[in-house]
S.K.: 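This structure is in structure tokens; I'll ask about it shortly.
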Amino acid sequence: MVALSRPERLNAIDRRMLAELRAVGERLRVDSSVGVVVLTGAGRAFCSGYDLDGAAEFAGLGPDGALELQELGNQALLALLSLPQPVIAAVRGAAIGGGFSLALAADIRMAASDALFQAAFVRIGMSGADMGASWLLPRIVGRGVAAELMYTAREVNAAEAVRIGLANRAVPAESLLSRALDLAREILVHPRAGLAMTKRALQANTDAPSLWSALETEARGQALLMGHPETAAAVARLRDRLASRPTGG
């Protein structure tokens, strides 16, 4: 469980949060004891975007300082996006601006009934393309829907998020974390190596230039797994279960 934790500011992003998220991602990447990551926000919001009090410094940053801040945000996003473990974003309340991008970086998004998603960058005169939103969002909801959400900066509630494919499912707010953990356990019944290779294939084949390229990636992954001890054990368990099933009417 990774919690964005500035609840007094609706978990608004600042430099420290970005640096800590980058560091957490780097640690989790090499932690073989962690099979699934659940990303959520402390309190009543997921993340309300970059802290507007800190945004007051933008005009005085200069080109070098502005680029350094952008790169810090990109590094935090990439640390999350490149995790080998499946990532579930459990979104309650606001997921706005940079917080919206962090939710997009997850593999699966579970929305509480009070969740609100918003690509809000244009509201403060910035480009709607920030922290990977222009790459991630069209691949999740399609280019036309992504363009509408990024141009209008309108709010998307949990029901609409599910309808357009932005969220996988909507659940009551009070059961959000328990349902996210149930989903994590459902994933974790499968061998870790197979899950990791599935995620690698999904990431690589999102931009595969052809079906043939995707098939090649899949074939290489399967070839690596065929001799893996976890695969042999999983095959044996499945064979035993099938053999023990009653037959006949």
Side-chain angles (χ1 to χ4, degrees), residues 1-14 16-18 20-29 31-51 76-77 79-120 131-132 136-137 140-141 155-190 192 195-196 198-199 202:
M1 182 80 73
V2 175
L4 308 173
S5 188
R6 298 184 71 213
E8 74 285 355
R9 300 291 295 172
L10 297 180
N11 303 318
I13 294 169
D14 61 5
R16 178 177 177 180
M17 179 184 285
L18 291 175
E20 290 180 349
L21 187 57
R22 178 182 61 187
V24 167
E26 290 170 352
R27 290 200 302 271
L28 288 172
R29 183 177 181 81
D31 189 344
S32 60
S33 70
V34 177
V36 175
V37 175
V38 176
L39 177 68
T40 192
R44 57 192 179 92
F46 180 75
C47 176
S48 59
Y50 201 84
D51 194 322
L77 182 85
L80 178 64
L81 190 63
S82 63
L83 286 174
Q85 303 95 335
V87 178
I88 302 168
V91 179
R92 181 173 187 180
I96 295 174
F100 181 63
S101 290
L102 292 177
L104 295 179
D107 299 292
I108 298 168
R109 281 157 296 282
M110 185 172 289
S113 53
D114 62 355
L116 286 174
F117 299 89
Q118 187 178 28
M131 283 186 68
L136 293 164
L137 186 58
I140 295 170
V141 300
E155 294 179 347
V156 175
N157 64 24
E160 183 182 3
V162 172
R163 180 175 61 79
I164 65 177
L166 178 57
N168 294 73
R169 60 184 76 173
V171 300
E174 62 273 13
S175 64
L176 175 65
L177 288 183
S178 65
R179 296 285 289 274
L181 291 172
D182 286 344
L183 179 57
R185 295 184 189 101
E186 187 177 344
I187 293 169
L188 282 172
V189 301
H190 304 297
R192 302 283 181 89
L195 288 171
T198 300
K199 180 164 182 175
L202 279 169

S.K.: Please lay out, stage by stage, how Leu10 and Arg44 fare under the test side chain to side chain contact (heavy atoms under 4.5 Å, CB included).
M.R.: CA-CA 7 Å; Leu10 297 180; Arg44 57 192 179 92; 3.7 Å; yes
S.K.: Roughly how far apart are Phe117 CZ and Leu104 CG, rounded to 0.5 Å?
M.R.: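 Between atom CZ of Phe117 and atom CG of Leu104 there are 8.5 Å.
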S.K.: If we only count heavy atoms from C-beta on, is the Leu102 to Met131 side-chain gap below 4.5 Å?
M.R.: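 Sidechains of Met131 and Leu102: in contact.
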S.K.: Please name the pair of heavy atoms, one in Leu80 and one in Ala105, separated by the smallest distance, quoted to 0.1 Å.
M.R.: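 Smallest interatomic distance, heavy atoms only, reads CD2-CB, 3.8 Å.
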S.K.: Minimum heavy-atom separation for Arg169 to Val162, with atom names?
M.R.: C-CG2, 3.6 Å
S.K.: Testing the basics here: between Asn11 and Ala42, what is the closest heavy-atom pair and its distance to 0.1 Å?
M.R.: ND2-O, 2.8 Å
S.K.: Pick out which of Val38, Val36, Ile108 makes a side chain to side chain contact (heavy atoms under 4.5 Å, CB included) with Leu183.
M.R.: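 When Val38, Val36, Ile108 are each tested with Leu183, the side chain to side chain contact (heavy atoms under 4.5 Å, CB included) holds only for Ile108.
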S.K.: Going from OG on Ser33 to CD on Gln85, what distance comes out if it is rounded to the nearest 0.5 angstrom?
M.R.: 8.5 Å
S.K.: So, using side-chain hydrogen bond (donor to acceptor under 3.5 Å, both in side chains) as the criterion, who are the partners of Arg22 when residues are at least two apart?
M.R.: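 Scan of Arg22 (side-chain hydrogen bond (donor to acceptor under 3.5 Å, both in side chains), adjacent residues dropped) gives Gln75.
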S.K.: With a 4.5 Å cut-off on side-chain heavy atoms, are Leu21 and Ile13 touching?
M.R.: no
S.K.: Show the numbers, then the answer: is there a side chain to side chain contact (heavy atoms under 4.5 Å, CB included) between Leu81 and Leu136?
M.R.: CA-CA 10 Å; Leu81 190 63; Leu136 293 164; 4.1 Å; yes
S.K.: Please report the closest heavy-atom contact between Leu177 and Ala90, naming both atoms and the distance.
M.R.: CD2-CB, 4.1 Å
S.K.: Which pair of heavy atoms, one from Ala158 and one from Ala111, lies closest together, and at what distance?
M.R.: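 Closest heavy-atom pair between Ala158 and Ala111: CB-CB, 4.0 Å.
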S.K.: Roughly how far apart are Ile96 CD1 and Cys47 SG, rounded to 0.5 Å?
M.R.: 9.0 Å
S.K.: Can you tell me how far apart CG (Asn168) and CZ (Arg109) are? Round to the nearest 0.5 Å.
M.R.: 6.0 Å
S.K.: Please round to the nearest 0.5 Å and tell me the distance separating atom NZ of Lys199 and atom OG of Ser82.
M.R.: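 So the gap between those two atoms works out to 8.0 Å.
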S.K.: Is any side-chain heavy atom of Pro84 closer than 4.5 Å to one of Arg29?
M.R.: yes
S.K.: For Arg92, enumerate each residue passing the side-chain hydrogen bond (donor to acceptor under 3.5 Å, both in side chains) test, keeping only those at least two apart in sequence or located in another chain.
M.R.: Asp114
S.K.: Check this for me: does any side-chain nitrogen of one of Arg179 and Asp182 sit under 4.0 Å from a carboxylate oxygen of the other?
M.R.: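 Salt bridge: no.
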S.K.: May I have the step-by-step check of side chain to side chain contact (heavy atoms under 4.5 Å, CB included) for Leu83 and Val34, ending in yes or no?
M.R.: CA-CA 11 Å; Leu83 286 174; Val34 177; over 6 Å; no
S.K.: Quick one: do Leu166 and Phe100 satisfy side chain to side chain contact (heavy atoms under 4.5 Å, CB included)? Show the steps, please.
M.R.: CA-CA 11 Å; Leu166 178 57; Phe100 181 63; 3.9 Å; yes
S.K.: Are side-chain heavy atoms of Met17 and Asp51 found at a separation under 4.5 Å?
M.R.: no
S.K.: Do Leu28 and Val2 make a side-chain contact, defined as non-hydrogen atoms from C-beta onward lying under 4.5 Å apart?
M.R.: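 Yes, close enough: below the 4.5 Å cut-off.
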S.K.: Going by side chain to side chain donor-acceptor pair (under 3.5 Å), name the pairs with one or both residues in residues 157-166, residues two or more places apart or in two chains.
M.R.: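 The answer is Arg154-Glu160.
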S.K.: Does the distance from a Lys or Arg side-chain N to an Asp or Glu carboxylate O, for Arg9 and Asp14, drop under 4.0 Å?
M.R.: no
S.K.: With a 4.5 Å heavy-atom cut-off, do Leu4 and Leu39 have their side chains touching?
M.R.: yes
